[in-house]
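Working notes for the structure below.
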Amino acid sequence: MKYYFNEIEAKWQKYWSENQTFKAENKSEKDKFYVLDMFPYPSGAGLHVGHPLGYIASDIYARYKRHKGFNVLHPQGFDSFGLPAEQYAIQTGQHPAKTTQENIKTYRRQLDQMGFSFDWSREVRTSDPSYYKWTQWIFIQLFNAYYCLDADKAKDISALTAIFEKHGNEKVNAVCDENTALFSAEEWNSFGPDQKELVLSQYRLTYLSETEVNWCPDLGTVLANDEIVNGVSERGGFPVVRKKMKQWSMRITAYAQRLLDGLNRIDWPQPLKDAQTNWIGRSEGAMVSFEIEGYAASIEVFTTRPDTIFGVSFMTLAPEHELVAKITTKEQKSDVDSYILSTSRRSERDRMADVKTISGVFTGAYAVHPFSGEKIPVWIGDYVLASYGTGAVMAVPCGDQRDFEFAKHFDLEIPNIFEGQDISEGACEDKGAVIANSDFINGLKVKDAIKKVIEALEKRGIGEGRINYRLRDAVFSRQRYWGEPFPVYYVNGLPKMIDKDYLPVTLPDVEKYLPTEDGKPPLGNATIWAWDTQTNKIVSNDLIDEQTVFPLELNTMPGWAGSSWYFNRYMDADNDNEFCGKEALDYWQDVDLYIGGSEHTTGHLLYSRFWQKFLFDRGHVPVDEYAKKLINQGMILGTSAFVYRKKGENTFISHGLIKDKDVQPIHVDVSLVNASNELDLEGFKDHALNKDFKDAAFVLEDRKYIVGREVEKMSKSKYNVVNPDDICRDYGADTLRMYEMFLGPLEQAKPWNTAGITGVHGFLKRLWKLFHNSGEFSVSEDAPGPEELKILHKTIKKVDEDIANFSFNTSVSSFMIAVNELTSLSCSKRGILEPLVVLISPYAPYIAEELWSKLGHKGSVSTVDYPVFEAKYVIESTKTYPISFNGKMRFTKELSLDLDKEAIEKAVMEDERTQQQMGGRSPKKVIVVPGKIVNIVG
RNA sequence: GCUCGGAUGGUGGAAUUGGUAGACACGUUGGACUUAAAAUCCAAUGAGCAGUAAUGUUCGUGCGGGUUCAAGUCCCGCUCCGAGUACCA
């Protein structure tokens with residue numbers, strides 16, 4: 001009887017769906033285990049074979065844990081707000097909700113086909129009003145909170161106003177804007193409501209501010225730093241410019257230190273932790289204030305090397321620094337203005353690419369050295385970034401290579417403040433140096449000098465020790481249509497939150513999805529988009545009267561809003577009264593295993609940790625790190641195929657004949673190429689992308705056209721996409737699952753190669769054949785013998801260990817060995833098949849279910865708690881090495897069920913003595929048990 | 001530049017963490033079945049040398065050293081490849 005995988009798979013999909021086999025309960029006697037995937041954005045192209053890799057791994061783990069007796073939560077959903085649906089809407093006028101709905105349908109079909117054990121009753125979609133209701137709610141919670149540094153946690157904003165009323169803000173130790181002014185209790189109490197609101201916004205964890213943002217004119221929107229790659233937009237590759245706009249921001253910087261500290265408590269990959277650590281970019285140093293000669297202003301700088309303060313010979317401001325206009329002298333004005341103009345014209349990308357060119361200009365102004373009182377010229381230069389620190393540096397050419405080069409270029413002084421260091425060729429950045437020519441810190445080492453300078457600065461009130469972070473507050477506004485609307489309306493230009501009871505504020509319909517002609521975001525096109533504070537309803541814009549009806553926010557939230565808390569929603573996805581019920585949260589707590597791509601390291605994975613910590617502070621969730629363990633699955637790459645067109649001719653040359661001919665490589669669809677790299681010429685002509693190709697000439701080798709190959713990212717534009725639908729049709733989902741695992745280590749990037757799939761498919765066929773010998777299912781009730789049990793338990797032990805270590809590739813090999821060995825014994829015994837089916841079911845659930853039911857079991861193997869994952873026989877691996885006299889070893893491997901324990905114990909006791917003996921003459925025989933080398937005498 | 005990975009047959013990759021290097025699979029070659037092909041099954045397959053053969057033997061985990069009875073694995077010094085990040089004061 002043939003292995004009819006298509007029928008089997010359809011049958012069990014139906015069964016699982018009808019019986020809700022994978023529905024998880026929020027109450028159980030069993031221990032909980034939460035396995036999470038990064039939910040997909042449902043794109044129009046559907047899934048390719050690369051997408052499900054992580055889902056297969058997590059599904060294997062989830063099914064394995066169910067067998068081990070855990071109550072497993074394994075949900076799935078869709079990150080369904082996003083730019084592609086919106087751009088499609090701009091082109092076609094089709095509502096993004098409709099496109100999204102259709103795409104989700106395709107995704108769902110593809111996911112079901114692959115046999116994932118998701119609990120779809122908990123599905124979430126970020127674009128669903130019943131979901132984004134709670135995204136809006138969390139936004140309001142952030143608005144109504146500030147970060148108290150004394151308690152080191154977020155608190156309700158009312159606690160802050162209470163302090164202001166009694167003591168003003170002088171003694172408040174909270175995270176706030178740099179330029180927050182001081183006020184007394186009397187002053188606060190005299191402020192009007194609008195002024196109070198402006199002050200509070202300097203403390204709120206989400207706030208409106210005029211910020212310099214990354215504006216992408218082609219996309220008509222603002223981008224976050226992690227959405228920009230090499231100075232152009234990640235999506236589309238359009239140029240990005242700096243622009244000032246009024247935007248919502250998230251005060252993630254308040255959590256910088258806790259985001260660092262939390263990394264020590266979670267089992268995430270080290271490279272990912274390193275990347276987040278670098279992104280947060282903590283550096284210790286000092287703030288120093290330099291007075292400007294002749295002005296009432298001073299320049300604040302941040303430095304990590306306050307010990308080098310006596311080596312300062314000039315200062316450099318970023319061209320965008322606010323003091324530049326104020327302090328530039330008349331004589332220098334035209335130079336400075338033209339320099340600022342030329343740097344602002346250069347895109348960020350040019351500035352980054354061109355690190356070598358040194359440019360700058362003198363402002364004409366002088367600062368005063370805080371200790372020596374000397375005059376220090378103030379320059380501007382584009383090597384100083386406005387967005388880091390204070391946008392100004394104290395330049396120490398002898399201690400910083402960039403300052404050194406700047407000084408050399410403009411012929412500025414380079415005083416040496418290091419004992420016995422030669423600085424004629426470059427700056428001395430060695431932190432073991434000893435300071436000289438530096439007044440009260442002469443003879444001190446760097447570390448001690450830093451301490452002493454900070455003390456002196458603080459004593460004189462002109463500076464202080466400071467920890468600075470590279471991390472910036474996150475801009476939270478997007479000028480897009482297809483995102484969460486803000487639950488915000490404006491009175492006198494000040495934001496007001498809509499009460500929880502009236503959420504969600506649902507996205508309005510618009511005629512056009514582009515920004516309005518006067519430059520407002522797409523929601524500016526909506527005609528029914530105003531808030532009536534009397535009825536608490538969305539009403540027509542015509543009714544705005546500035547008394548009771550007010551304009552609503554026109555921006556929407558960024559893509560990361562919905563994904564920053566979805567893992568909590570799965571625990572209680574249908575709750576209409578809370579974002580997630582307390583009971584569910586207390587039961588499920590956090591994610592035990594999270595699998596997803598490393599591209600989200602400094603985006604989603606940082607923002608979601610931030611929101612979780614906030615929700616924890618406010619008592620809404622029980623833990624402040626939401627994922628105990630995380631694994632980054634490696635990308636599956638495509639193997640692109642190329643044809644080579646002779647330049648200027650319609651002739652294609654086979655890969656082997658190119659040599660030094662002038663040819664242009666052109667991508668060709670991989671489905672037109674067979675396993676030996678031979679191109680289907682008729683197919684190529686029929687599916688030609690370019691009309692000319694229809695009558696192209698070919699230069700062949702061995703009567704074949706051989707294509708060139710290259711490994712690239714799998715993408716539609718590279719014609720190297722392999723569709724899982726095709727693989728499932730030809731080989732079945734079980735084969736696809738096992739093969740993707742077999743391809744190589746989970747965390748490693750690896751190219752897809754359909755040719756190798758026959759090996760795994762052949763294995764499943766052999767397994768099937770083993771128990772369908774005479775054409776129908778046949779299983780023997782005889783008890784298995786030691787040989788057969790040995791095969792089974794060896795496999796159990798190996799597979800169990802491999803799953804625990806996430807080495808799914810080697811466990812597939814173990815299955816193959818087992819089936820090969822059983823085949824050679826012609827073993828078809830129930831006592832072997834039954835546990836083997838359970839063992840194999842996480843990898844190949846469909847064939848396992850089918851065999852399980854043929855064994856006469858009711859219900860699904862997927863939900864069976866079965867002790868099969870504990871090997872009944874303890875198998876010790878022993879090796880015997882007879883040693884010849886020249887010291888070379890040979891040995892025979894022995895795997896035994898009936899080990900002579902006494903002999904081993906005795907040998908272990910002699911271990912020490914043996915080692916001594918081995919230093920001298922070689923023993924005749926050595927037994928190795930794991931971890932020990934022992935000698936057997938005789 | 002900095003940070004983190006990696007380098008093993010024709011290919012993807014194993015190697016119980018210091019103990020048979022090359023599991024398992026692809027590919028290749030030969031054979032069986034077949035009119036033939038596909039499918040299936042069996043055998044060989046790191047390289048070299050000797051032998052009709054069983055077998056013996058030498059070399060072999062990017063390069064150069066070192067530690068050890070024993071190194072793909074540990075230590076020191078390089079080379080090359082990949083990923084992330086970048087004027088961060």
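In what follows, chains are A, B, ... by sequence order, proteins preceding strands, each numbered from 1. All values below were derived from every heavy atom in this structure, side-chain atoms included, with hydrogens, water molecules and symmetry-related copies excluded. Predicted, not measured: the structure shown is a model, and the values here were computed from it.
- Between B:rC88 and B:rA7, the two C1' atoms lie 33 Å apart (nearest whole Å).
- If you check B:rU3, B:rA14, B:rC88 against the side chain of A:Asp274, the one that comes closest is B:rU3.
- Taking the six-membered ring for Trp and thresholds of 30 and 60 degrees, A:His761 and A:Tyr731 have ring planes more than 60 degrees apart, a perpendicular arrangement.
- You'll find that the side chain of A:Trp279 is closest to B:rA86, out of B:rA89, B:rA86, B:rC4.
- Taking atom P in both B:rA39 and B:rG27, one finds a spacing of 10 Å when rounded to whole Å.
- The distance from atom CG of A:Asp802 to atom C1' of B:rA14 is 10 Å, rounded to the nearest whole Å.
- Closest to the side chain of A:Lys769, out of B:rC26, B:rC41, B:rC88, is B:rC41.
- Counting non-hydrogen atoms under 4.0 angstrom, A:Glu801 reaches nothing in the nucleic acid.
- Remark: the separation of the C1' atoms in B:rA25 and B:rG82 is 25 Å, to the nearest Å.
- No engagement by A:Asp403 is indicated, since no non-hydrogen atom pair under 4.0 Å with the nucleic acid exists.
- Put simply, CH2 on A:Trp768 is 21 Å from C1' on B:rC41, counting in whole angstrom units.
- Distance CZ/A:Phe742 to OH/A:Tyr843: 12.5 Å, rounded to 0.5 Å.
- Taking the P atoms as reference points, B:rG62 lies 13 Å from B:rG6, given to the whole Å.
- For B:rA89, there is no paired nucleotide, since no Watson-Crick or G-U wobble pair has both relevant distances below 3.5 Å.
- Remark: the separation of the C1' atoms in B:rG22 and B:rG12 is 13 Å, to the nearest Å.
- B:rU57 and B:rG48 make up a base pair, with Watson-Crick or G-U wobble contacts both under 3.5 Å.
- Taking atom CD on A:Gln270 and atom C1' on B:rG84, their separation rounds to 14 Å, with Å as the unit.
- Counting to the nearest Å, the P atom of B:rA25 and the CD1 atom of A:Ile817 are 7 Å from each other.
- The listed nucleotides are B:rA15, B:rC4, B:rU3; the one nearest the side chain of A:Asn278 is B:rU3.
- Contacts of A:Pro745 with the nucleic acid, taken as non-hydrogen atoms under 4.0 Å apart, involve only primed sugar atoms and P, OP1 or OP2.
- Closest approach to the A:Thr304 side chain among B:rC26, B:rA86, B:rA89 is made by B:rA89 (side chain taken as heavy atoms from C-beta onward).
- Among the atoms of the strands shown, none is found under 4.0 Å from any heavy atom of A:Lys798.
- Interatomic distance, CE of A:Met714 versus OG1 of A:Thr639, reported as 7.0 Å (0.5 Å rounding).
- For B:rU11, the paired nucleotide is B:rA25, the pair qualifying as Watson-Crick or G-U wobble because both relevant distances are below 3.5 Å.
- Across B:rA89, B:rA14, B:rA25, the shortest atom-to-atom separation from the side chain of A:Asn820 is found for B:rA25.
- Between the C1' atom of B:rA83 and the NZ atom of A:Lys750 lies a distance of 15 Å, rounded to the nearest Å.
- Both distances falling under 3.5 Å, in either a Watson-Crick or a G-U wobble arrangement, occur for no nucleotide opposite B:rU35.
- Looking at the side chain of A:Arg470, the nearest of the listed nucleotides B:rC87, B:rU85, B:rC26 is B:rU85.
- Base orientation at B:rG6 is anti, since its O4'-C1' glycosidic dihedral falls outside 90° of 0.
- Using a 4.5 Å heavy-atom cutoff, the side chains of A:Leu606 and A:Leu471 are in contact.
- Remark: A:Gln748 is in phosphate contact with B:rG13, judged by side-chain N or O atoms under 4.0 Å from OP1 or OP2.
- When the nearest nucleotides of RNA chain B are assigned to A:Arg305 and A:Leu743 by heavy-atom distance, the more 5′-ward of the two goes with A:Leu743.
- Here, B:rA21 and B:rA70 have their C1' atoms 14 Å apart, quoted to the whole Å.
- Nucleotide B:rC74 forms a pair with B:rG66, judged by Watson-Crick or G-U wobble geometry with both contacts under 3.5 Å.
- Classified by interplanar angle (parallel below 30°, tilted 30° to 60°, perpendicular above 60°), the ring pair A:Tyr388/A:Phe302 is perpendicular.
- For B:rA23, neither phosphate oxygen OP1 nor OP2 lies less than 4.0 angstrom from any side-chain nitrogen or oxygen of A:Asn809.
- Distance A:Glu599 CD to B:rC4 C1': 17 Å, rounded to the nearest Å.
- A:Asn632 places its CG atom 21 Å from the P atom of B:rG82, with the value rounded to the nearest Å.
- Residue A:Arg402 has its side chain nearest to B:rA89 when only B:rA86, B:rA89, B:rC41 are considered.
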From CA spacing to verdict: side chain to side chain contact (heavy atoms under 4.5 Å, CB included), A:Ile636, A:Val722: CA-CA 11 Å; A:Ile636 290 190; A:Val722 178; over 6 Å; no
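- Taken from CG in A:Leu637 to OG in A:Ser715, the straight-line distance is 11.5 Å, to the nearest 0.5 Å.
- The distance from atom CG of A:Leu637 to atom P of B:rC81 is 18 Å, rounded to the nearest whole Å.
- B:rU17: no Watson-Crick or G-U partner with both key distances under 3.5 Å is found in any strand.
- Shown here, B:rG84 forms a base pair with B:rC2; the pair counts as Watson-Crick or G-U wobble because both key distances fall under 3.5 Å.
- Contact check, A:Arg766 against B:rU40: no side-chain N or O comes under 4.0 Å of OP1 or OP2.
- Within 6.0 Å of the CD atom in A:Glu178, the count of heavy atoms belonging to other residues, nucleotides or ligands does not exceed 12.
- In this structure, B:rU17 is classed as syn because its glycosidic torsion stays within 90° of zero.
- Atom P of B:rU40 sits at a distance of 31 Å from the matching atom of B:rG48, rounded to the whole Å.
- Atom P of B:rG30 sits at a distance of 22 Å from the matching atom of B:rA23, rounded to the whole Å.
- Comparing A:Met816 and A:Ser283 against RNA chain B, the residue whose closest nucleotide sits nearer the 5' end is A:Met816.
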In residues 753-760 of chain A, what donor-acceptor pairs under 3.5 Å come from side-chain atoms, sequence neighbours left out?
unit_1, atom_1, unit_2, atom_2, d
A:Asn753, OD1, A:Ala755, N, 3.1
A:Thr754, OG1, A:Trp752, NE1, 2.6

